[in-house]
Amino acid sequence: MQERTAALEQALSLFTKYGCKRVSMDDVAHALGISKKTLYTHFKTKDELVLESVAYLLQRTHLKMSNFFELSDGHNDPFKRVIQIYRVGLKELRNLSPTFLFGLKKYYPEAFNFYNNFRQGIVWTYILDLLQEAKNKGQIKEGINLKLICELFLLRTDEIILPQSDFFDNYTTEELLEHLIIVPLQGIRAL
C-alpha cells in the first residue's frame with residue numbers, strides 16, 4: 001500500500017509539473033527507482049495511473065478543505081467558509097501547470113471528467129449551500145441570484161487563472177483570492 005501511495009504521489013508530482021501526456025510510465029518508474037514492470041503491478045495502464053493520481057489530488061484537496069472547518073473559529077460565518085474553500089483551491093491550482101489540465105481534457109477525458117465533477121460538486125454543493133445559508137441569515141442583498149453568482153464568479157476560477165500562467169508568477173494567492181472571490185462576495189453582501 002505504501003508503494004502504491006508513493007507511486008501516486010510521484011506520478012502526480014510529474015503530471016502536474018509536465019503534463020500527463022509528456023510523462024511516461026518509464027519516467028514515473030525511474031523517478032521512483034523501480035522497474036516499469038513493478039509499476040505495472042500497481043497500475044494496469046497509464047490511464048489508470050492518471051485517473052488514480054487525479055483522484056488522489058482531489059481527495060487531498062477535499063481533506064484540506066474539510067480540516068479548516070473542523071479547526072476554524074470562523075466556521076459559523078458562511079462567507080469565511082467560502083473564502084477558505086477558495087484559498088485551499090487556489091493553493092492547489094498554484095501547483096498545477098496549465099498543460100496538466102489541458103492534457104487531461106484532451107488525452108484523458110475520464111480523469112478530466114472526474115476533476116470537473118469534483119470542481120462542480122464543490123460549487124454546487126458546498127458553495128451554493130453556504131451562500132444559501134448566508135441568504136437565510138439575511139447576509140446577502142435581496143434579489144441576488146445565487147446560482148448565477150456561482151456560474152459567473154465561483155465556478156470559473158481555474159478557467160480564468162490557468163490559461164494565464166503568469167497569474168501565479170505575478171500575484172500571490174491572497175491577491176488572487178481577494179480579487180477573484182472576496183470582492184465579488186462583498187458585492188452581494190447585505191450592509
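Any value given below was found using the heavy atoms of this structure, including those in side chains, with hydrogens, waters and symmetry copies removed.
Remark: Gln59 CD is loosely packed, at most 12 non-hydrogen atoms of other residues, nucleotides or ligands lying under 6.0 Å away. Heavy-atom neighbours of His30 NE2 from other residues, nucleotides or ligands within 6.0 Å: at or below the threshold of 12. Annotation for Glu110: atom CD does not count as buried by contact number, only 12 or fewer foreign heavy atoms lying within 6.0 Å. For Tyr171, the OH atom counts as loosely surrounded, since its 6.0 Å shell holds 12 or fewer non-hydrogen atoms of other residues, nucleotides or ligands. No more than 12 heavy atoms of other residues, nucleotides or ligands lie within 6.0 Å of OH in Tyr18, so this atom counts as exposed by the packing criterion.
At a threshold of 4.5 Å between non-hydrogen side-chain atoms, the residues Ile122 and Met65 count as touching. Residues Leu96 and Leu57 meet the side-chain proximity criterion, which asks for heavy atoms closer than 4.5 Å. A 4.5 Å side-chain heavy-atom check between Tyr107 and Cys20 finds every atom pair outside the cut-off. With a 4.5 Å cut-off on side-chain heavy atoms, Tyr86 and Leu180 do not count as touching. Leu128 has its side chain out of reach of Gln132: every pair of non-hydrogen atoms, C-beta onward, lies at least 4.5 Å apart. The closest side-chain heavy-atom distance from Glu92 to Arg60 is below 4.5 Å. With a 4.5 Å cut-off on side-chain heavy atoms, Arg87 and Ile181 do not count as touching.
Note that OH of Tyr40 and OG of Ser35 are 11.0 Å apart. Values are rounded to the nearest 0.5 Å. Thr172 contributes atom OG1, which lies 10.0 Å from atom CG of Leu90 (distance to the nearest 0.5 angstrom). Here Asp77 contributes atom CG and Ile83 contributes atom CD1; the two are 7.5 Å apart, rounded to the nearest 0.5 Å. In this structure, Phe79 CZ and Leu131 CG are separated by 6.5 Å, a value rounded to the nearest 0.5 Å.
Partners of Arg22 under the salt bridge (Lys or Arg N to Asp or Glu O under 4.0 Å) rule, at least two apart in sequence or in another chain, do not exist in this structure. Here His62 pairs with Tyr126 under the ring-ring contact (aromatic ring centres under 6.0 Å, His included) rule; sequence neighbours left out.
Closest non-hydrogen pair, Phe43 versus Glu52, comes out as CE2-OE1, 3.7 Å. Between Phe100 and Phe15 the shortest heavy-atom distance is CD1-O, 3.3 Å. Here the closest heavy-atom approach between residue Thr5 and residue Tyr56 is recorded as CG2-OH, 3.9 Å.
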Could you walk me through whether Gln84 and Arg81 pass side chain to side chain donor-acceptor pair (under 3.5 Å), step by step?
-> CA-CA 5 Å; Gln84 182 58 25; Arg81 290 166 40 199; over 6 Å; no
Trp124/Glu151 under side chain to side chain contact (heavy atoms under 4.5 Å, CB included): CA gap, chis, key distance, verdict | CA-CA 9 Å; Trp124 296 125; Glu151 286 188 57; 3.5 Å; yes
Determine, step by step, whether Asp27 and Lys17 satisfy the salt bridge (Lys or Arg N to Asp or Glu O under 4.0 Å) criterion, reporting the C-alpha distance in whole Å, the side-chain angles of both residues, the deciding distance to 0.1 Å, and the verdict.
-> CA-CA 13 Å; Asp27 295 330; Lys17 186 174 183 180; over 6 Å; no
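Judged as a side chain to side chain donor-acceptor pair (under 3.5 Å), the pairs with a partner in residues 137-149 (not counting sequence neighbours) are, in order, Glu133-Lys137.
Donor-acceptor pairing under 3.5 Å is recorded for the side chains of Tyr108 and Lys46.
Under the 4.0 Å criterion applied to side-chain N and carboxylate O atoms, Arg94 and Asp158 are not assigned as salt-bridge partners.
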